[in-house]
Amino acid sequence: MLKVNLPDGNSLEFSSRVRPIDVASEIGAGLAKATLLAEITNPSDGETKLVDADRPLPEDGEISLRLITKRDEEALAVMRHSCAHVMARAVMRLFDGVELAFGPTVDNGFYYDFHLKHSISEADFPKIEAEMAKIIKENEPFEQIDQPREKALELCKELEQKLKIEHIEEGLGDQSTLSFYRQGEFIDLCGGPHIPSPASIGAFKLLSVAGAYWKGDASRPQLQRIYGTAWFNKKDLEDYLTKVEEAKRRDHRVLGKQLDLFLIDPDVGSGLVMWLPKGATIRRELETFIYAELLKRGYQPVYTPTIGRVGLYETSGHFPYYSDSQFPPIEVDKDERYLLRPMNCPHHIKIYQSKPRSYRDLPLRLAELGLVHRFEQSGELSGMTRVRGFTQDDAHIFCTEEQVADEFRGCIEMTQYVLQTLGLSDYRVRLSFRDPHSDKYVGKAEDWNKAEAALEQVCRDLGLPNLEIEVGEAAFYGPKADFVATDCIGREWQLGTVQLDYNLPSENRFALEYVGADNAPHRPVMIHRAPFGSLERFTGMLIEHFAGAFPLWLAPEQVRVLVVSQKFEEYGREVLNRLLQDGIRATGDWRPEKIGAKIRDAQLELTPYMLIVGGREMEQGTVSVRDRIEGDVGAMPVDDAIAKLNDEIKQKTIRQ
RNA sequence: GCCAGCGUAGCUUCAAUCGGCAGAGCACCGCAUUCGUAAUGCGGGGGUUGUGGGUUCGACUCCCACCGCUGGCUCCA
């Protein structure tokens, strides 16, 4: 006898063995038709898992069962995985000697990795998509088959699936029974679950083909990966494709060029950003903003060189550990080699060490927008977001153990404030802790435990939204908190970070000390923190977030004065001067163009405000204000317009 | 670094039939126009088709190498 508890509180009892689909039929034919899979919860241990709709349930006992249809979140991912199988089946039908690797669901879609002779290109997509459509139309069920280990290996050998054999031997060494899914002639080693049949794959599209290493290991063979997306209906697919287009439209590399924000020139070098006047203006505003915040919070500015002797980085441990991703040292003499710095911390540590420190000096907070260089692999570079030279809005806090929680709180609050000011109020915080079973971490376990508990407490006290704790994700030198912000079209960006460091202050690194109240030496804790992360990356993200239409306080050109005809140029220049005198970034358009054309140009260049002047304005000493968003908002005295602009600048108002 | 794709004027707007005279739009420059809330008209300049080599009577087009870019993989202190 099996007792099945349903989400609505009712329960059903079955005397013979049933499957979720039978439970659904018991409730109603409509539900049975809509059921794609089921989530079962074992009431004794609370463990939940997703299972196929036709997977037999236990004969006896009690379980909770939730039938899953298209409307449930979990269904989409499972359907996409099934769609990956359909794609793999199509590829096997079309090409010879296909070896299957992995084919999981990813955000918004799925992929499948293949090993085959033919080099797949996007030109093959229509053919593959047509075959997939055919397979979906044939609508053969996905059948789950369990095989004992020996049989499973035999089956894979028969199917000539070498990678699957490798995976069974390497990755599934402890499994005595292996799960396969079969659909017609297609059989794949797969844990499932799957939807009952491909009928509910409403709309799909193959997106791109890429190389991918087998098991993500660069020393293993490279496979061909096809990415695709799938949705329950055509409209969802179209919405998704529109979103992708929208993201493309906002691409900071395109906007950066169109709006003259930054330049990357191969003659200077890949991944090295030059900030053009307009981009530099945005950066300057961000810097001014962040510096003001730093000073308010007790940080002190420092400036340090962008190179340092190799020995410094030997002490810090960065050299040669990261030598592959550093520019090679500059050799001045055989005993004198300099490294283009990949980190600012060693320089700041030297400042800390420049004189004896007392507990009364702590916390010491040293801040610098420090330029660092890292030799990222060529294939990694992308616009401003992945570069070889970047500016960290870096600061290092040297504090006592007792001060860690308060300092950490201060860093988190500052990061929150910064993100919120820029309209990035949708973010999650990822706390990364150590894996207690690993020995790769420096520092004492008790310190880690204390620090982790303190960090978590701070995050809970602050009521951080979407707090996640990831065990085993900490850096070897300390736990950290990363801010992952969601932009206005739903993409996530990893931005600010706050990291505790037990390593650099330690005995075998820089051996930092301070004199405590007990007149004995003590070891300080270091905190690294960067609310923006890097100015390059952050600005790149902001360009995309605002689609180039920056809020007034950041806009490189805040106001443009447009004259109705050249007859009013003198008055226009007078207005322009008053704006400039007030510190507003303004220009004038004196071309002999029609006013409509000037408005259009200013609008396309995303200028926040246009001040239009003609005969009427000149007579009355006013300007006609045109807002980039609202359009014509009418005439007002010049002083009123300036006051309005200054207010919006000061408030850092965001209007979209 | 690896896999795949792509490089035509300042432009991520793009054309050039089978290998047969490199051509538009926008931008830019000049002249005329002096205009009231998203494009005034006319004219002009601009190219070693990424670079180098090869095949050919002839190469933007085909082949090879290199450089750069794009999408991924790997990496990310």
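Reckoned from all heavy atoms, side chains included, excluding hydrogens, waters and symmetry mates. Below, read A as the first sequence line, B as the second, and so on, with proteins coming before strands; counting in each chain starts at 1. Just so we're clear, the structure is a prediction, and the values are computed from it rather than from any experiment.
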**Q** Within the modelled atom types, does a donor on one side and an acceptor on the other bring the side chain of A:E617 and the base of B:rG36 under 3.5 Å apart?
**A**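 Yes.
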**Q** If you measure from the C1' atom in B:rU55 to the same atom in B:rC64, how many Å do you get, rounded?
**A**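 It works out to 11 Å between them.
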**Q** With a 4.5 Å heavy-atom cut-off, do A:L223 and A:Y213 have their side chains touching?
**A**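 No, side chains not in contact.
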**Q** Between B:rG25 and B:rC69, how far apart are the two P atoms, rounded to whole Å?
**A**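 Going atom to atom, P in each nucleotide, I get 31 Å.
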**Q** Nearest of B:rA39, B:rA77, B:rG36 to any side-chain atom of A:A597?
**A**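 Ranking B:rA39, B:rA77, B:rG36 by closest atom to the A:A597 side chain puts B:rA39 first.
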**Q** Which of these nucleotides, B:rG1, B:rC35, B:rU70, is closest to any side-chain atom of A:V564?
**A**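 Of all the options, the side chain of A:V564 is nearest to B:rC35.
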**Q** Is it the case that B:rC76 (base atoms only) and A:R386 (side chain only) share a donor and an acceptor within less than 3.5 Å, ignoring hydrogens and angles?
**A**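 Result: at least one qualifying N/O pair found.
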**Q** Can you identify which nucleotide, out of B:rA39, B:rA4, B:rU37, has its nearest atom closest to the A:I599 side chain?
**A**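 The listed nucleotide nearest to A:I599's side chain is B:rU37.
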**Q** Compare the minimum distances between each of B:rA4, B:rC76, B:rA77 and the side chain of A:Q326, then state the nucleotide with the smallest one.
**A**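 Ranking B:rA4, B:rC76, B:rA77 by closest atom to the A:Q326 side chain puts B:rA77 first.
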**Q** Using a distance-only criterion (donor-acceptor N/O pair, under 3.5 Å, no hydrogens), is the base of B:rG1 paired with the side chain of A:Y213?
**A**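 Yes, a donor-acceptor pair under 3.5 Å.
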**Q** A:F114 versus A:E99: any side-chain heavy-atom pair under 4.5 Å?
**A**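 Answer no - side chains too far apart.
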**Q** Quantified in whole Å, what is the C1' atom distance between nucleotide B:rC75 and nucleotide B:rA22?
**A**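 So the two C1' atoms sit 44 Å from each other.
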**Q** Base, sugar-phosphate alone, or nothing: which one does A:G596 contact when heavy atoms must sit under 4.0 Å apart?
**A**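 The answer is sugar-phosphate, as A:G596 gets under 4.0 Å only of primed atoms, P, OP1 or OP2.
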**Q** Determine the contact category for A:Y111: base if any of its heavy atoms lies under 4.0 Å from a base atom, sugar-phosphate if only primed atoms, P, OP1 or OP2 are that close, otherwise nothing.
**A**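 Nothing, no heavy atom under 4.0 Å.
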**Q** Please work out if A:K257 contacts a base, only the sugar-phosphate, or nothing of the nucleic acid, heavy-atom cut-off 4.0 Å.
**A**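 Counting heavy atoms under 4.0 Å across all strands, the contact made by A:K257 is with sugar-phosphate only.
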**Q** Assign A:G216 to base, sugar-phosphate, or nothing according to its heavy-atom contacts below 4.0 angstrom with the strands shown.
**A**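 Since only primed, P, OP1 and OP2 atoms lie under 4.0 Å of A:G216, the category is sugar-phosphate.
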**Q** Has the side chain of A:S325 got a donor or acceptor atom sitting under 3.5 Å from an opposite partner on the base of B:rA77?
**A**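 It does, because a donor-acceptor pair links the side chain of A:S325 to the base of B:rA77 below 3.5 Å.
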**Q** Considering heavy-atom distances to RNA chain B, does A:S382 or A:L223 have its closest nucleotide positioned more toward the 5' end?
**A**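 Nearest nucleotide further toward 5': that of A:L223.
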**Q** If we take the P atom in both B:rG50 and B:rA16, what is their distance in whole Å?
**A**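 Between the two P atoms, the distance is 16 Å.
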**Q** Classify the nucleic acid contact of A:A210 as base, sugar-phosphate or nothing, counting any heavy atom under 4.0 Å across all strands shown.
**A**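 Base, at least one base atom sits under 4.0 Å.
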**Q** Measure from the side chain of A:P342, starting at C-beta and using heavy atoms only, and say which of B:rA38, B:rU40, B:rA77 lies closest.
**A**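 Shortest atom-to-atom distance from the side chain points to B:rA77.
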**Q** Answer with yes or no whether A:S624 presents, from its side chain, a donor or acceptor under 3.5 Å of a partner atom in the base of B:rU37.
**A**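 Pair found.
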**Q** Salt-bridge test for A:R591 and A:D589: reply yes if a basic N is under 4.0 Å from a carboxylate O, no otherwise.
**A**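 So A:R591 pairs with A:D589 through a salt bridge.
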**Q** At under 4.0 Å between heavy atoms, what does A:I612 touch on the DNA or RNA strands: base, sugar-phosphate, or nothing?
**A**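 Counting heavy atoms under 4.0 Å across all strands, the contact made by A:I612 includes a base.
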**Q** Please tell me if A:S378 has a side-chain N or O lying less than 4.0 Å from either OP1 or OP2 of B:rG1.
**A**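 Answer yes for this pair, as a side-chain N or O of A:S378 is under 4.0 Å from OP1 or OP2.
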**Q** The side chain of A:S565 lies closest to which of these nucleotides: B:rU34, B:rG36, B:rG1?
**A**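 Selected nucleotide (nearest to the side chain): B:rU34.
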**Q** For A:L100 versus A:A88, what's the shortest heavy-atom pair and its separation?
**A**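 Looks like CD2-CB, 3.9 Å.
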**Q** Mind checking if A:E593 touches a base, just sugar-phosphate, or nothing, with heavy atoms under 4.0 Å?
**A**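 Contact class for A:E593: base.
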**Q** Where the side chain of A:R253 is defined as all heavy atoms beyond and including C-beta, which of B:rG71, B:rU37, B:rU34 is the nearest nucleotide?
**A**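 So the side chain of A:R253 is nearest to B:rG71.
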**Q** With centres under 5.5 Å and planes under 30°, do A:Y322 and B:rA77 count as stacked?
**A**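 Yes; centroid distance and tilt both under limits.
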**Q** If you take atom types as modelled and just measure distance, does the side chain of A:Q222 reach the base of B:rC2 with a donor-acceptor pair under 3.5 Å?
**A**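 Flag set: donor-acceptor pair detected.
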**Q** Counting any heavy atom closer than 4.0 Å, what does A:R225 reach on the DNA or RNA strands: base, sugar-phosphate only, or nothing?
**A**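 Since only primed, P, OP1 and OP2 atoms lie under 4.0 Å of A:R225, the category is sugar-phosphate.
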